[in-house]
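Since the structure is predicted, the reported quantities are computational estimates derived from the model, not experimental observations.
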Amino acid sequence: MRALPALAAAAVLSWLAPPPAPAAAATLEGGARETAFHYAVELDGVIATVTERLTLTADADTVAVYTFALPAEAAVVGLAVTPPGDRAQRGVAVDATGAITPAADADVVIAPDLGLVRRLGELDDHAVAYELRVWPVGPAGDTVAEVTWVAPLEVDDGRLALRVPGRGDGDGALTTARGTVRVTPPHGVKAMRDLHAGGDLLAASPGKKAWAFTAPQRGELRIDVRPALGDDPLVVWTAAPVGDAGGAVAVAALRPREAAPAAAIERAVIVVDVSAMTAADADDRGELVERVVEGLPSARFAVVGYDRRAHRLTAGFARTTDEAAVRDAGDAVRGASPRAGGDLRGALALAAELLDADGAPARERADLVVVVTDGVLPTDATAGALDAALGGGATVSAALLVDDAGGLPAVDSALRELVAARAGHVVVLRRGELLTRGARLAGELAAPPTWSMTGVDAGAADVRLDLPPALPAGGGAIAFGWYAGEAPTKLRVETSAGALVAKKSKLRHAAALATRHASFYAPGVHGEGTEAADRNVARLERRVAVVGAWTSLVAVDGRDELAAARAALAARGGTFARIAPPGEGELRVDDGVVDEVAQALRPGPLARQDPAERIRTDLLTSQLLPAARRCQQAQLRAGGARQGQLRLEIEIARTEVIAVRATSSAGARKMTDCVTEAAYELKIASYTLEDPDAITLIRYPLRFAPGRSGDDADGGAAADGDADADADVTLDDDDDGGPARVAPPTDVEDPLGGLRERDR
């Protein structure tokens, strides 16, 4: 679902407001097609360097236009184009407007530009759209284009992770993405462990070898590896001169996983998602519960399960040393009847009820609530709502169980916020780790609180660095900034747990990432007024050759003397104008924000249906409306009201209904439970949803009214853009032979109905 990183944005579907395409998609236009695509990934310490290599062909000479997404934290730093049978031509940094503005007509013929990579704009908080243009692509032979970008790695429960937005298949123009990954430990770390990429465990001890992987066709590519840290935090830093006035600074801090003493917790409530979405994991979730309970020998425990409703899986609190009670709790999780839905808020309220009935805790942090979930929550499960449901002062931690071969999941931001506010930790556990990590699991969930990051001490050097505010156990922070004047020689990071002395190291591409992340700290960037500031940022982007709002990378044909001279002038900071390939249309500078990168559907009949049409066909017309007819008939037979209104909000993720909310008029009130249950029982095929990992919100109002003679009892739903978009949808009413009607939505101004989109 959508939730919080990686955490993907939720798709919101309404008949009058169709959903945007997912950000994680790519297109290849111009009649070109890929014959190969390769990722070359270098995980160098805490920085990833990725080169995407496209091998392109076409039936006739064309300009290939590849639109793609990258993580918001990424910085594009390289471009190379290799024409058929020739050598690579490297890109240079030029003014973004000049890169797409054609040169004035002249008598002198100059070879057209071979390649351009430019920034289009933000897709959402987690992705940015870019465009690559390549010439010539045609039947004379393969043309190869390479785009190199860098990004800081995420630190997630003791792992360093890279997430690359997925590509889709580009309507058949894109081939399967393959790649290699090589790992270099951070300075001060002797070894790396458990390298995963593309859904596979590549190596338990990767060493210096390059490991091959295949990227998933749909969904993001996830790569992660675990540094073998000791017991002490690791802090490394680097300073990279940029001009004479100063330079870039990068600092990375890694905190090892920690475990609290077993006696730290007196009462524990394990809150377990037992919904249909997690049914395949029931045995492992039962074992996980047993492992957590066994790791708290001084505590008493209770277990709460939840799907669309919350319910007790144990009668009350039992001793963790009671082997029979522990076994029964695990069996209760394994034997729970899987139903759709995910009422975590109700489950936390039930946990609070159990704790309150048992009395006040003996001391602070004596109570621990552990949420065992897949990380997907309904959109109304905000951090504030979850915190209010629990009340009290219990520590809250979360345990996510994932496939051994799977990528690390995105964790809903609301859950992360709740855990952070309650001084807990998020643990992501692969099934194979139940054996190797299970004994420490309870202690890790109850580990000492997150450290606050309060600043840096660089002695006399003037350093501007914006550190993340927190450093949890098993977590980390990677920050970029600038220094003015002389470079610092020593650096310490100040935390609530004391000062951490940083070791000087080499963090590659520090200047490019500082420009991307913290250009406002750079010496000389700020000037008098916005225009001066913009000029200074543009100058900085050009200097470090990073693609940004003001700078693009252009590869020219170095075999042409005039083209080579143009590139040399641009590299020295001179002006640049585009020499467009034949037939290229007008390019423009975007306003800095784009709504989407177009999503290409899989070939076949489904490609001709938009998501709203597929949902209407697969779910509403064929499943929900017949069920609503049955509910209406039952109400009429029981003497219920003959007309009324019922409004449904249905949230779907990973082919399961996770939440249903219903409001109704007095006439339809008795229908609410019946139709709600029917909505939870919708059967959802994987091809119905555009992005299975996003939350899809369907807003669907039903209006029941006495039918008119001659109405079609099998009428169809009206979708946005249909000729009958304002027509009623009919439901059978067998009691009097007339239909009841269902009206389409009317509140097009607020398709979310007050709900707020939330990152995953």
Side-chain angles (χ1 to χ4, degrees), residues 5-6 24 37-50 71 151 153-167 176-186 189-229 254 256-257 278 280-285 287-288 291 372-375 398-411 426-441 444 474-476 654 692-693:
F37 183 94
H38 185 270
Y39 290 108
V41 181
E42 299 277 346
L43 304 185
D44 188 357
V46 295
I47 305 294
T49 302
V50 182
L153 297 177
E154 298 177 15
V155 188
D156 190 351
D157 189 25
R159 305 175 181 91
L160 297 171
L162 173 69
R163 302 179 189 272
V164 183
R167 301 199 316 144
T176 299
R178 306 184 189 279
T180 56
V181 55
R182 191 188 305 271
V183 179
T184 301
V189 176
K190 294 183 178 180
M192 304 290 266
R193 299 282 185 261
D194 303 329
L195 174 63
H196 288 78
D200 295 320
L201 173 62
L202 302 186
S205 299
K208 298 181 179 180
K209 177 182 175 180
W211 297 88
F213 64 87
T214 300
Q217 189 73 14
R218 298 182 69 193
E220 67 180 3
L221 166 65
R222 297 169 181 172
I223 302 174
D224 66 271
V225 68
R226 180 173 59 85
L229 297 176
L254 304 178
R257 292 169 176 163
T278 65
D281 304 336
D283 290 344
D284 293 308
R285 287 173 184 269
E287 183 178 349
L288 189 153
R291 294 275 180 172
V372 180
T373 175
D374 60 358
L400 280 70
L401 189 66
V402 300
D403 290 334
D404 289 335
L408 298 179
V411 181
V426 176
V427 170
V428 181
L429 195 70
R430 290 190 165 99
R431 289 188 178 87
E433 294 177 315
L434 279 172
L435 295 176
T436 60
R437 194 176 168 192
R440 288 174 49 89
L441 184 58
E444 291 177 357
R654 299 181 187 172
D693 283 336

S.K.: Given the rule in the side chain to side chain contact (heavy atoms under 4.5 Å, CB included) test, do Leu400 and Thr373 qualify, once you have shown the distances and angles that lead to the verdict?
M.R.: CA-CA 5 Å; Leu400 280 70; Thr373 175; 4.2 Å; yes
S.K.: Between Trp211 (side chain only) and Ala203 (backbone N and O only), is there a donor and an acceptor less than 3.5 Å apart?
M.R.: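 No, Trp211 side chain to Ala203 backbone: no donor-acceptor pair under 3.5 Å.
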S.K.: So, taking the atom named CD in Glu287 and the one named CG in Leu435, what distance separates them when rounded to the nearest 0.5 Å?
M.R.: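 Output value for this atom pair is 6.0 Å.
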S.K.: Using a 4.5 Å cut-off on heavy atoms from C-beta on, say whether the side chain of Thr180 contacts that of His38.
M.R.: yes
S.K.: Would you call Asp157-Arg437 a salt bridge at under 4.0 Å N-O?
M.R.: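 Counted as a salt bridge, because a side-chain N and a carboxylate O are separated by less than 4.0 Å.
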S.K.: Using side-chain heavy atoms (C-beta onward) and a distance below 4.5 Å, is Ile223 in contact with Leu202?
M.R.: no
S.K.: Which is it for Val181 and Val225 under the side chain to side chain contact (heavy atoms under 4.5 Å, CB included) test, yes or no, and what are the steps along the way?
M.R.: CA-CA 11 Å; Val181 55; Val225 68; over 6 Å; no
S.K.: Going by salt bridge (Lys or Arg N to Asp or Glu O under 4.0 Å), Glu433 matches just one of Arg440, Arg291, Arg159. Which one?
M.R.: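 The single option meeting the salt bridge (Lys or Arg N to Asp or Glu O under 4.0 Å) with Glu433 is Arg159.
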S.K.: Quick check for you: to the nearest 0.5 Å, what is the distance between Asp44 atom CG and Arg182 atom CZ?
M.R.: 11.0 Å
S.K.: Do Asp284 and Leu434 have side chains that approach each other closer than 4.5 Å (heavy atoms only, starting at C-beta)?
M.R.: yes
S.K.: Do the non-hydrogen side-chain atoms of Glu220 and Pro165 ever get within less than 4.5 Å of each other?
M.R.: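 SC-SC contact between Glu220 and Pro165 ruled out.
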S.K.: Do Leu153 and Leu43 come within less than 4.5 Å of each other through their side chains, counting heavy atoms only?
M.R.: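 Of all side-chain heavy-atom pairs linking Leu43 with Leu153, at least one is under 4.5 Å.
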S.K.: For Asp194, check salt bridge (charged side-chain N to carboxylate O under 4.0 Å, His left out) against everything at least two apart and list the hits.
M.R.: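 For Asp194, the residues satisfying salt bridge (charged side-chain N to carboxylate O under 4.0 Å, His left out) (neighbours in sequence not counted) are Arg226.
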S.K.: Just verifying a value: how many Å separate Leu195 CG and Leu160 CG, rounded to the nearest 0.5 Å?
M.R.: 11.0 Å
S.K.: Is there side-chain contact between Arg430 and Leu201, with at least one heavy-atom pair below 4.5 Å?
M.R.: no
S.K.: Do Thr214 and Asp200 touch side chain to side chain, with heavy atoms closer than 4.5 Å?
M.R.: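 Of all side-chain heavy-atom pairs linking Asp200 with Thr214, none is under 4.5 Å.
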S.K.: Less than 4.5 Å apart, any side-chain heavy atom of Val155 and any of Leu254?
M.R.: yes
S.K.: Which atom pair, heavy atoms only, marks the closest approach of Arg163 to Pro71?
M.R.: O-CG, 3.1 Å
S.K.: Under the ring-ring contact (aromatic ring centres under 6.0 Å, His included) rule, collect the residues that match up with Tyr39, sequence neighbours excluded.
M.R.: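 Applying ring-ring contact (aromatic ring centres under 6.0 Å, His included) to Tyr39 gives Phe37.
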